[in-house]
Amino acid sequence: MNITHVRLLTVPVSDQDAAKSFYADTLGFEVVADQSTGPVRWLQLAPKGAQTNVVLAAHVPGHTPGSLHGLILETSDLDADCARLRQAGVDVDGPQDLPWGRQATLTDPDGNGLVLAEA
């Protein structure tokens, strides 16, 4: 096998504009692509410099908005990021000290579960 990394992860959303605002404006992701072909919109974002991107997909059969759980985002300053998210009105649980490290949990506007973890 010659797999080098995860390229894309699909995040099922109901409203791509609201999701784009959350991931870009609140989490600081960069928009990699935002293109429409007919009724289909390809909306791809990523943290700056990341190899793995997320696709905010709406109306994809088998992908229910809010059904993604456990997407782990790494941060170099968990406390500062939690404070910034709370200031932006995001409900953040934590940070918590766990046997495998410090982390906090939150959800996007559709209820997809995210984990913010220290390196």
Tell me whether V115 shares a hydrophobic cluster with V13, the cluster being built from Ile, Leu, Val, Met, Phe, Trp, Tyr side chains joined at under 4.5 Å. no
Do any N or O atoms from the side chain of S36 and from the backbone of G38 form a donor-acceptor pair under 3.5 angstrom? no
Give me the atom names and distance for the closest heavy-atom approach of L8 to V55. CD2-CG2, 3.8 Å
Interatomic spacing from CD in Q16 to CH2 in W42 - rounded to 0.5 Å: 10.5 Å
Under a 4.5 Å cut-off applied to non-hydrogen side-chain atoms, are L45 and E30 in contact? no
For the side chain of T52 and the backbone of V6, is there at least one donor-acceptor N/O pair under 3.5 Å apart? yes
Heavy-atom donor-acceptor pair, N53 side chain to A46 backbone, under 3.5 Å: no
Spacing of CG belonging to L56 relative to OG1 belonging to T10, to within rounding of 0.5 Å: 9.5 Å
Could you check whether any side-chain heavy atom of V90 comes within less than 4.5 Å of a side-chain heavy atom of F22, counting everything from C-beta outward? yes
Residue H59 excluded, over 12 heavy atoms near NE2 under 6.0 Å: no
Walk me through whether Y23 and V31 qualify under side chain to side chain contact (heavy atoms under 4.5 Å, CB included). CA-CA 9 Å; Y23 283 85; V31 177; over 6 Å; no
Out of curiosity, does F29 fall in the hydrophobic cluster containing L71 (side-chain heavy atoms, cut-off under 4.5 Å, transitive links)? yes
Residue pair A58 / S14: nearest heavy atoms and the distance that separates them: CB-O, 4.4 Å
Just verifying a value: how many Å separate L116 CG and D81 CG, rounded to the nearest 0.5 Å? 5.5 Å
Please check if the number of heavy atoms outside D91 that lie under 6.0 Å from its CG is greater than 12. no
So, taking the atom named CG in D110 and the one named OG1 in T64, what distance separates them when rounded to the nearest 0.5 Å? 10.5 Å
Measuring from atom CG of L68 to atom CG of D108, what distance do you get when rounded to the nearest 0.5 angstrom? 8.0 Å
Compare every heavy atom of A119 with every heavy atom of E74, then report the nearest pair and how far apart it is. OE2-CB, 3.3 Å
Could you tell me whether the side chain of H69 reaches within less than 4.5 Å of the side chain of N112, counting heavy atoms only? no
Connected via hydrophobic side-chain network under 4.5 Å: L27 and L9: yes
Heavy-atom pair with the smallest gap, counting every atom of V92 and C82: CG1-SG, 3.8 Å
Taken to the nearest 0.5 Å, the spacing of D97 CG from L78 CG works out to 9.0 Å
Judged by atom type as modelled, is there a donor-acceptor pair below 3.5 Å linking the side chain of R102 to the main-chain atoms of A117? no
Before you tell me yes or no, could you show the steps for R41 and D17 under salt bridge (charged side-chain N to carboxylate O under 4.0 Å, His left out), namely the whole-Å CA-CA distance, both residues' side-chain angles and the distance that decides it to 0.1 Å? CA-CA 11 Å; R41 181 179 179 191; D17 289 324; 2.8 Å; yes
So, do Q44 and V54 sit near enough that their side-chain heavy atoms are less than 4.5 Å apart? no
